[in-house]
Novice: 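Sharing a structure below in structure tokens format, with a few things to ask.
As a basis for the values below, the full set of heavy atoms in this structure was taken, side chains included, without hydrogen atoms, waters or symmetry mates. From a predicted model like this one, the values you see are computed outputs, not experimental measurements. Lettering of chains follows the sequences in order, A, B, ..., and the numbering in each one begins at 1.
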Protein chains: 2
Amino acid sequence: MDRSPYDTHLDRNLANFTPLSPLSFFTRAKTVYPHRPAYAYGSIRRTWGEVYERASRLASALAAQGIGKNDTVAIIAPNIPAIFDAHFGVPMLGAVLNPINIRLDAATIKYILNHGNAKVLITDTRFAPEVKKALADLGRDDLLVIDIDDTETDEASGERLGEMEFEEFLSAGSADFDWSLPGDEWDAISLNYTSGTTSDPKGVVVHHRGAYLIAMGTIASWPFSAPDPNGFPVHMYVVPLFHCNGWGHAWALAANGGMSVLVRNITAKNLFAAIEEHKVTHFGGAPIVLSMLINASAEERRPFDWPINVYTAAAPPPPSVLHAIEAMGFRLTHVYGLTETYGHVVECAWQEDWNDLDADAVAAKKSRQGVGFSVTEDIQVMDPETMEPVPADGETIGEIMIRGNVVMKGYLNAPEATDAAFAGGYFHSGDLAVRHADGYVQIKDRSKDIIISGGENISSVEIEGVLYKHPDVLAAAVVAKPDEKWGETPCAFLEVRPGSSISEDDVLAFCRNHLAGFKMPKTVVFQELPKTSTGKIQKFVLREQFKA
Amino acid sequence: MDRSPYDTHLDRNLANFTPLSPLSFFTRAKTVYPHRPAYAYGSIRRTWGEVYERASRLASALAAQGIGKNDTVAIIAPNIPAIFDAHFGVPMLGAVLNPINIRLDAATIKYILNHGNAKVLITDTRFAPEVKKALADLGRDDLLVIDIDDTETDEASGERLGEMEFEEFLSAGSADFDWSLPGDEWDAISLNYTSGTTSDPKGVVVHHRGAYLIAMGTIASWPFSAPDPNGFPVHMYVVPLFHCNGWGHAWALAANGGMSVLVRNITAKNLFAAIEEHKVTHFGGAPIVLSMLINASAEERRPFDWPINVYTAAAPPPPSVLHAIEAMGFRLTHVYGLTETYGHVVECAWQEDWNDLDADAVAAKKSRQGVGFSVTEDIQVMDPETMEPVPADGETIGEIMIRGNVVMKGYLNAPEATDAAFAGGYFHSGDLAVRHADGYVQIKDRSKDIIISGGENISSVEIEGVLYKHPDVLAAAVVAKPDEKWGETPCAFLEVRPGSSISEDDVLAFCRNHLAGFKMPKTVVFQELPKTSTGKIQKFVLREQFKA
């Protein structure tokens, strides 16, 4: 068969094809907005021109150490300049950035450095105790360790573990390093380990193409073009950059020359101060961060009179949180995603016919995870055995399945896990959900969080939703408690408002009005709930209490 | 050499790779926003769900006629539903949409149908006289001709040339056609012929990847997320869909479920009526459209109190136009692009340090074409011989060169023209420009519009800029007039305000205050200027006056 004229002498060339990479946004930011602030941190202010220079210095200094394409560069840091710089400098080299959660223990850090075969570790000295143990256990002489000594925090510096400090290392590099885009947009840009609550952490490999597209998807959903009052987005970096690359927002902001406010310690006081000083227009955070803002004292609070757009994820925003936060002037969008999907790929997009609903009905709509972003090719709720979509009846539970360019390459050095995750041509999220008649998806539980009691499946999220309606409940987690008779029964762990005198009987009476009998918690425990650095409640820690 | 672990068992699969195509946005629009209006035209209102059904019917009816991948489907229509539907229905089939300018003569229409090897022609009966001649000359029995009989216009229907009317043809198709995305994002999606003022028209082939990305670039630049007052973009389609696929806006709007107001006849009355009825938030148009709005009568004007975002292209907005249009509440962004770049790839992005400038200084800034969009990989001003960038001195003239994913595949069946256009790894725009110290590009002339007088290069755009400053001048075009002594001399053609008594001497005296002697127009002609359907002044028509 002859080739079509549409395919003849019409090939890719340097003029009409460029691999998709967020590094192109970075080049644009330093070209178009060289004098606009890229980030503020403490007393530090750096423009896109300056951050470009720093990234260039980092890349060239790493290159001088023999680091190059597909080498892993790990970093342990909260949201401070070094990790922002590294999100550009490391990929400039074709190397792969591996941000590691600052709250991990030595054994897990060692596991990650070993499994990811890190060639470099850039580490904040404040985390030296665990990192030092991890390095001792790892016993790798060839690992280049660079310390970050953050000068903007009150916390005392920790022990230095390497030979050079980050700023010294940068000064050895060239501000005008000759770098190039990846040869293939499918090349890896970052390696992010999942939390691994049930097994060893898995290394999620993401690529330049997906990083470019997640940034574009964010811009299409958030009003990221030229928002008031600054004329450009000012994004408060609450989500850790070590978590799904901070949802890719550093890359998205580069596309339009937006600014980030880096916040090391997430407190109500620090967040309100940042909002006031920098006229923040956007941030993302778990409902726990929203609660923090709602419960701030009068001295901590600062007024603002422009719209602030908030993505919230990790858990559905309880109605009370939603009402309170929106009354303060924040515009909340509930989003959903996983490390395997570069962060948010599902959003609770607003529909015009919700304009006339009352506040509770709006809260119910907004508590749903929603629909795909513009860059999410397909989101389905399926029976994982048959791969048939469940009916859109709001009741039948299936597993959320995701397809598209913002799904990871796969898990590093784990072909079986990768194959299982992609079985049937969709990424299996592990989250159990229903699909409503309007197509919106609502999570009912993580696969492993479903409670099976007397043969009935009970959604822990449904019980938590009821508990959150109680005015005294600040945070709730329901987990399966082993039971001789029923197999498992629901146990409710509650954080209550200071001064509340609520009792177990009160809680059970409240639940009885809202839940079928077999779904009732059998036990209620009042305690502070264990949480991850991103505010996710760690149910596995609660489950371990039963073992102990 | 061993493969890196980052490239091992981490290949593309159905879950993590989808060819980029604006059809994915279309699927999202009908899934997420099935009840939101996709377009309004006259008394017609259709939702994204309905337009999806129509596109599906069109694709399946064409498939039943044997049309498929890489077949050319031509369409001759103004901005009416059929051409909007076709921008989705034709690509669903893998076929290539070839929109043809409604104002072309029979000979050019015939040239295009023949050169593009059209299998189908969908044609508005109002253009039957020229189309009939073209078809008779073409003499192709196998061409399927489908007539559009627009029921929403006052103009009398024209002669039917085919066997079926468009709505009948749609009703033969299936509302739920089983289609698929292109096998390769590099597959052609559309064929657009350049105006060919100096030679035969050239067929610009564009692909799905570029169409996806130009849409994303638009969204990143315009506030296309969820603008007031509707909560979604409402775009008035002034730019013809037969011109660079209407700058790709139909595709961009699908990504967020935006709405289009289709306007067949561009008059001030129609535009203001559309703005009032639909609360338009966006439109694009040449400065001539802006002048039309500025000069509208009191009866034609309608008030509005929300921001309307306007892209203007084709010619720099004269300061008087800029001041007047912004005073009315329109927010103007000057953009630049070519058919070869899917439309706009350069924008005059706002800089904070312009906030303090006076109105004239702002106008001077905004008259420049600007910097690349987020999806434009690189824009340079280069010496086309050496391919060296000119100094950023605001004076040295070079040619605008463009690189990136929003550059065409090439010209259809024209390998030499394609090679010439891409020589040196950049697309050669043919536009002559300078680069300012801040990196912003400003066009001085089309290569062929430079006037060479006594060996000196004279920019016709520079003279026009001076003429536009005169309060009586509505439109100005300066072209080279053949001259025995000087080779060429500048001749100014002027459209002046009704009732103006300005004379040739007045014009020359005005110019003398602003121009070097050798740049002075030698002749001034007062007349209505010939314009294309997009409002571009046709200088070649003026030049022909000298030949006659």
Novice: Please round to the nearest 0.5 Å and tell me the distance separating atom CG of A/D419 and atom CZ of A/F422.
Specialist: 9.0 Å
Novice: Please state whether the side chain, the backbone, both or neither of B/A188 comes within less than 4.5 Å of a heavy atom of chain A.
Specialist: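 Only the side chain of B/A188 comes within 4.5 Å of chain A.
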Novice: Tell me which of these, A/D7, A/L14, A/D187, has more heavy-atom pairs under 4.5 Å with chain B than the rest.
Specialist: A/L14
Novice: Among A/V371, A/T418, A/V96, which has the most heavy-atom pairs under 4.5 Å with chain B?
Specialist: A/V96
Novice: Among the options A/A220, A/G231, A/A29, pick out the one with the most heavy-atom pairs lying under 4.5 Å from chain B.
Specialist: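 Option with the top pair count is A/A220.
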Novice: Considering only heavy atoms, which portion of A/M401 lies under 4.5 Å from any heavy atom of chain B: side chain, backbone, both, or neither?
Specialist: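 Contact with chain B is absent: no heavy atom of A/M401 under 4.5 Å.
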Novice: Can you name the closest pair of heavy atoms from A/V204 and A/Y411 and give their distance?
Specialist: CG2-CE2, 3.7 Å
Novice: Need one label for B/R209: side chain, backbone, both or neither, based on atoms under 4.5 Å from any heavy atom in chain A.
Specialist: side chain
Novice: Tell me, side chain or backbone of B/V375 under 4.5 Å from chain A's heavy atoms, or both, or neither?
Specialist: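 Both backbone and side chain.
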Novice: Using only heavy-atom distances, determine whether the side chains of A/Y311 and A/S221 contain a donor-acceptor pair under 3.5 Å.
Specialist: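 There is such a pair (donor and acceptor under 3.5 Å, judged by atom type) between the side chains of A/Y311 and A/S221.
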Novice: Tell me, side chain or backbone of B/N413 under 4.5 Å from chain A's heavy atoms, or both, or neither?
Specialist: side chain
Novice: Heavy atoms only: give me the nearest B/S374-B/G217 pair and the separation to one decimal.
Specialist: OG-CA, 4.1 Å
Novice: Measure from the side-chain N and O atoms of B/D71 to the backbone N and O of B/A95, and report whether any donor-acceptor pair falls under 3.5 Å.
Specialist: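 No, B/D71 side chain to B/A95 backbone: no donor-acceptor pair under 3.5 Å.
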Novice: Please look at A/N13 and chain B and tell me whether the side chain, the backbone, both or neither of the residue comes under 4.5 angstrom of a heavy atom of that chain.
Specialist: side chain
Novice: Out of A/L412, A/L181, A/I219, A/T27, return the one with the most heavy atom pairs under 4.5 angstrom to chain B.
Specialist: A/L412
Novice: Which bit of B/N256 is near chain A, if near means a heavy-atom gap under 4.5 Å: side chain, backbone, both or neither?
Specialist: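 Contact with chain A: side chain only.
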Novice: What I'd like to find out is whether the side chain of A/H428 reaches to under 4.5 Å of the side chain of A/M387, using heavy atoms alone.
Specialist: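 SC-SC contact between A/H428 and A/M387 confirmed.
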Novice: Side chain, backbone, both or neither: which part of B/W350 has a non-hydrogen atom closer than 4.5 Å to chain A?
Specialist: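 Interface part for B/W350: backbone (N, CA, C, O).
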Novice: Whether the B/Y6 and A/T72 side chains hold a donor-acceptor pair (N or O, under 3.5 Å, no angle test) is what I'd like checked.
Specialist: yes
Novice: Given that the side chain runs from C-beta out, which part of A/Y440 has a heavy atom under 4.5 Å from chain B: side chain, backbone, both or neither?
Specialist: side chain
Novice: Which answer fits B/E416, side chain, backbone, both or neither, if we ask what part of it has an atom under 4.5 Å from a heavy atom of chain A?
Specialist: neither
Novice: Measure A/L20 against the heavy atoms of chain B and call it side chain, backbone, both or neither at under 4.5 Å.
Specialist: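 For A/L20, backbone and side chain are both near chain B.
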Novice: With chain B, which of A/A252, A/G410, A/P5, A/P415 has the greatest number of heavy-atom pairs at distances under 4.5 Å?
Specialist: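 The residue among A/A252, A/G410, A/P5, A/P415 with the greatest pair count is A/P415.
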Novice: So, for B/F25 and B/W251, is the gap between ring centers shorter than 6.0 Å?
Specialist: no
Novice: Looking at A/N405 and B/T18, would you say the former's side chain and the latter's main chain have a donor-acceptor pair under 3.5 Å?
Specialist: yes
Novice: Of all heavy-atom pairs between B/P22 and B/H208, which one has the smallest distance, and what is that distance?
Specialist: CD-O, 3.5 Å
Novice: Would you find a donor on one side and an acceptor on the other, under 3.5 Å apart, between the side chain of A/S24 and the backbone of B/E377?
Specialist: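 No.
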Novice: What part of A/F232 gets within 4.5 angstrom of chain B, counting heavy atoms only: side chain, backbone, both, or neither?
Specialist: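 For A/F232, side-chain heavy atoms alone lie under 4.5 Å from chain B.
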Novice: Is it the side chain or the backbone of B/Y212 that comes within 4.5 Å of chain A heavy atoms, both, or neither?
Specialist: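 Looking at B/Y212, just its side chain touches chain A.
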Novice: Look only at the side chain of A/R28 and the backbone of B/G372, and say whether a donor-acceptor pair between them is shorter than 3.5 Å.
Specialist: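 Looks like yes, one N/O pair under 3.5 Å.
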Novice: Closest heavy-atom contact between A/H436 and A/A392?
Specialist: O-CB, 3.5 Å
Novice: Could you tell me which portion of A/V205 (side chain, backbone, both or neither) has an atom closer than 4.5 angstrom to a non-hydrogen atom of chain B?
Specialist: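 Contact with chain B is through the side chain of A/V205 alone.
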Novice: Under a 4.5 Å heavy-atom cut-off, does chain B meet the side chain of A/T8, its backbone, both or neither?
Specialist: neither
Novice: With a 4.5 angstrom heavy-atom cut-off, which part of B/L191 approaches chain A: side chain, backbone, both or neither?
Specialist: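 The side chain, not the backbone.
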Novice: So what's closer than 4.5 Å to chain A heavy atoms on B/D184: side chain, backbone, both or neither?
Specialist: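 When you check distances to chain A, only side chain atoms of B/D184 fall under 4.5 Å.
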Novice: Which one, A/F427, A/W186, A/Y33, leads in non-hydrogen pairs under 4.5 Å with chain B?
Specialist: A/W186
Novice: Any side-chain heavy-atom pair from B/W48 and B/V32 closer than 4.5 angstrom?
Specialist: no
Novice: Among B/F17, B/F373, B/W222, which residue has the highest count of heavy-atom pairs closer than 4.5 Å to chain A?
Specialist: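 Option with the top pair count is B/F17.
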